[in-house]
Amino acid sequence: MIEVTLKDGAKKYFEHPHTVADIAKRISEGLARVAVCAKVNGQLVDLSTVIARDCTLEIITLKDREGLDVYRHTTAHILAQAVKQIWPTCKLGIGPTIENGFYYDIDFTTPITQDNLAQIEEEMKKIIKSNFAIERFTLPRKEAIQLMQRYGENYKLELIQNLPIATEISFYKQGGFVDLCRGVHLPSTGGIKAFKLLSVTGAYWRGNENNKMLTRIYGTAFEKKEELIAYLEAVEEAKKRDHNKIGRELGIFMTDNNIGQGLPLFMPKGAKILQIMSRFVEDEEERRGYKLTKTPYMAKSDLYKISGHWQHYKDGMFVVGDEENERDEVMALRPMTCPFQYTIFNNGLKSYRDLPLRYNETSTLFRNENSGEMHGLIRLRQFTLSDGHLVVAPEQLEEEFAGVVDLVCYVLKTFGLEDDVKYRFSKWDPNAKNDKYIHDPETWNVAERTMEKILNHLKIDYTVGVGEAAFYGPKLDIQIKNVHGKEDTLITIQVDMFLAKNFDMTYINEQGVKTYPYIIHRSSIGCYERTLALLIEKYAGAFPLWLSPTQAIILPVSDKFLPYAQKVERAMRLLGLRVEVDKRNEKIGYKIREAQLEKIPYMLIVGEKEAESNTVSVRTRGQGVENESMSLEQVIAKLRRENDEKIIF
RNA sequence: GCUUAUGUGGCGCAGGAGGUAGCGCACAUCCUUGGUAAGGAUGAGGUCACGAGUUCAAAUCUCGUCAUAAGCUCCA
């Protein structure tokens, strides 16, 4: 007797082994129709898997995440089969599922372009229509290798060679096509109802830039056509919020061919927002006991040799002067602020009474990124960081770290971003290339254990990123996704274990002994440009009042009321509100439309009625909102309150 | 840096089988002084990213450079 325990706890008994598909049928015909695969004892398996022993069984459908992944993975195999049929000489790499679809990396002998996607889709449709059975089979390692050699699949061969020696190698066969694959798959190719190939890009084999670049075809698949269409529309919709598009449309920033990549120009509106942001951050830091510094944008190479940047980060720096020429003084634009603030700390002997010492600086940095890496305001060659370093005694580390986390959370909340971020504990990778990290496993372990303790104590919900640390220490990175779903670091808090020693930073402790301090390297809102990008996307350009470059625009109904409009403007400006008057000789409907498109929070309409009664007609940028007539004092009080309390709607 | 695309007046786009460019918005002037998402007329503005090559002739073809987008690698 075989006992099968279902997800709801019910038990089924069978005298003989049955396939998962059969068991599903016995449970219900309806379930059998929607079954995609199953979990047996928690392990994902094909429907054809034979159940011969007692187990727990959960039938997976397309409503489950795993089911959808299986469905998409099968689509990736159909893509591979189609490509092999059209270009028999191409070699297959890997074809996994990703968050919103799948991709397949393929080495084409003759490169293909986006124009070929339609052709491939047609071939895929034929394969789907043929409804080939998808059969799993396994081979011993040796035979698996022979099979892949026979097919000439050298990438698959490499994958097999990296599998543990003992494992049986599994393959899937559909029609005349065989692919190395762990599985799981649909029972036949006909199960795919809606898919689309999205793009062709390059991707290095095994993610290593020293390897050959293969062609990556991205695609997605859904249970129903309507879902596919809805997904594609949602992607298009998201692109409308793209900061790189609306940031330019709204006159926040621009770029210029003659100025260069990664060097945006902030126009008056963008510059205003950046100023509001940095004033807020600097004021808040001052309130929390930070001391502002202002340090040079460049330094002699000597400084970077002490900090280790010369050894670990030279490719990322803009070096000024020729090292080969003895008469040149070799300088570099700074990629980080740390060594400068450390130098300030070192000016004068420090006592334990000086600690914790919290330095902050609105710091402009320069990093020579590779040309393809720049992206809108998110990846730049020059950017300004809300940077800072806390020099603390060992026993102060935890409290100060917690203080930094508190500041960061407060700042995120004020900008309305607190629900959009994820925390990542970024560790070093002991197996990384020699020069990526300072090699001192013991210190790394100590620092990482300390940080882990602090994070757990603060009850921060984090993921771990191995190989994501800075060259000098582990980090708590605060991650955020942009409109394309790509994740970037917004804020970083690091425990720096090496640079203090390199710079011989010490303080005299209570016992009169020279001691190395701990250093927390942190930013409070990250780099302003990147944060601005994320804010543009979050609010689709309709910033909260306190961040809006123009908070209200006064719209006179006609020229006759311009004097009153200007009176209102003066009154509001005097109290620190950022207001403009639309003086143009246009109809009121036209001016409203323009203000609406500029996403100005408030429109104050003034005409005969208002001028006589010393009021304004208030319209908000939200659609369908009734206008409200308010006295000048009322509207000023309302806007000031909204501004001062940094209210986010 | 690599892969695939793109680069036409301030912006968004047409066109371009090689024979010296169009539209909409914006801008200027005039008419209209109009009450909650585009009133009308007239006009100015570009040698089609830049450089080289092919050609009688290039914005249109070729190559290179620069820039932009998505992805890879890298990273705040």
Side-chain angles (χ1 to χ4, degrees), chain A residues 103 105 108 111-117 198-218 239 242 244-245 248-249 251 254-263 313 315-316 335-336 363 365 367-380 383-387 426 436 467-468 470 475 477-480 484-486 488-492 494 523 525-531 533 555-562 584-597 603 605-610 617-619 621 623-627:
Chain A
Y103 65 79
D105 285 348
F108 287 90
I112 65 149
T113 71
Q114 278 165 30
D115 298 337
N116 297 108
L117 290 184
L198 299 172
S199 62
V200 177
T201 68
Y204 297 108
W205 169 238
R206 312 196 106 203
N208 185 335
E209 64 177 323
N210 299 316
N211 289 342
K212 181 164 183 183
M213 181 164 267
L214 310 183
T215 302
R216 176 171 294 180
I217 300 175
Y218 281 97
K239 282 185 190 159
D242 189 337
N244 213 356
K245 179 170 162 19
R248 291 171 199 267
E249 282 169 4
M254 57 174 282
T255 51
D256 184 88
N257 288 6
N258 295 320
I259 289 175
Q261 279 192 300
L263 301 168
Y313 200 77
D315 287 347
M336 285 161 189
S363 179
L365 305 176
R367 297 186 188 177
N368 193 2
E369 305 288 356
N370 286 333
S371 62
E373 283 159 5
M374 259 67 74
H375 168 63
L377 294 180
I378 287 183
R379 266 309 265 293
L380 303 172
F383 58 93
T384 299
L385 194 68
S386 57
D387 212 347
S426 299
K436 191 173 175 189
E468 301 285 354
K475 313 188 280 183
D477 286 325
I478 298 173
Q479 304 291 112
I480 191 159
H484 300 285
K486 189 172 170 168
D488 270 299
T489 301
L490 191 64
I491 298 171
T492 176
Q494 314 169 358
S523 75
I525 190 56
C527 115
Y528 287 100
E529 294 86 347
R530 182 175 286 185
T531 305
L555 308 177
V557 171
S558 83
D559 288 353
K560 280 188 273 182
F561 311 108
L562 206 51
R584 293 176 305 172
N585 180 9
E586 294 289 352
K587 288 194 173 165
I588 190 66
Y590 184 86
K591 294 186 196 176
I592 286 171
R593 176 183 155 81
E594 299 259 301
Q596 198 77 256
L597 292 176
M603 283 155 263
I605 294 145
V606 296
E608 195 174 359
K609 266 189 307 189
E610 288 77 14
S617 172
V618 180
R619 183 187 165 111
R621 65 188 160 192
Q623 282 182 329
V625 179
E626 286 284 306
N627 286 332

Paired to C50(B) by Watson-Crick or G-U wobble criteria (both distances under 3.5 Å) is G64(B)

[N] versus [M] - spacing of their [atom1] atoms, nearest Å:
N	M	atom1	value
A41(B)	G24(B)	P	11 Å
U55(B)	C63(B)	C1'	16 Å
C25(B)	U62(B)	P	35 Å
C74(B)	C2(B)	C1'	12 Å
G7(B)	G12(B)	C1'	14 Å

Could you go through the side chain to side chain donor-acceptor pair (under 3.5 Å) check for R248(A) and T255(A) one step at a time?
-> CA-CA 9 Å; R248(A) 291 171 199 267; T255(A) 51; 2.8 Å; yes

Kindly indicate whether the side chain of [X], heavy atoms from C-beta on, has any atom under 4.5 Å from the side chain of [Y].
X	Y	answer
M603(A)	I592(A)	yes
I112(A)	I217(A)	yes
E369(A)	Q261(A)	no

Going through the checks in order, is the side chain to side chain contact (heavy atoms under 4.5 Å, CB included) test met by F561(A) and E610(A)?
-> CA-CA 9 Å; F561(A) 311 108; E610(A) 288 77 14; over 6 Å; no

Measuring from the side chain of [X] (C-beta onward, heavy atoms only), which nucleotide among [options] has the closest atom?
X	options	result
L597(A)	A37(B), U36(B), U4(B)	A37(B)
E586(A)	U36(B), G39(B), A37(B)	G39(B)
Y590(A)	G35(B), G34(B), A38(B)	A38(B)

Quick tally for nucleotides 67-76 of chain B: nucleotides whose base has a protein heavy atom under 4.0 Å get B, sugar-phosphate-only ones S, the rest -, giving SSSSBBBBBB

Base, sugar-phosphate or nothing for [X]? Non-hydrogen atoms, less than 4.0 Å.
X	answer
E608(A)	base
K609(A)	base
R584(A)	sugar-phosphate

Does CD in E249(A) sit with more than 12 non-hydrogen atoms of other residues, nucleotides or ligands closer than 6.0 Å?
-> yes

Checking only heavy atoms, does the side chain of S617(A) share a donor-acceptor pair with the base of U36(B) at less than 3.5 Å?
-> yes

Could you tell me whether the side chain of N368(A) has a donor or acceptor atom within less than 3.5 Å of a complementary atom in the base of G1(B)?
-> no

Could you tell me how far apart [X] ([atom1]) and [N] ([atom2]) are, to the nearest whole angstrom?
X	N	atom1	atom2	value
K587(A)	U33(B)	NZ	C1'	9 Å
L117(A)	A5(B)	CG	C1'	12 Å
D315(A)	G1(B)	CG	P	13 Å

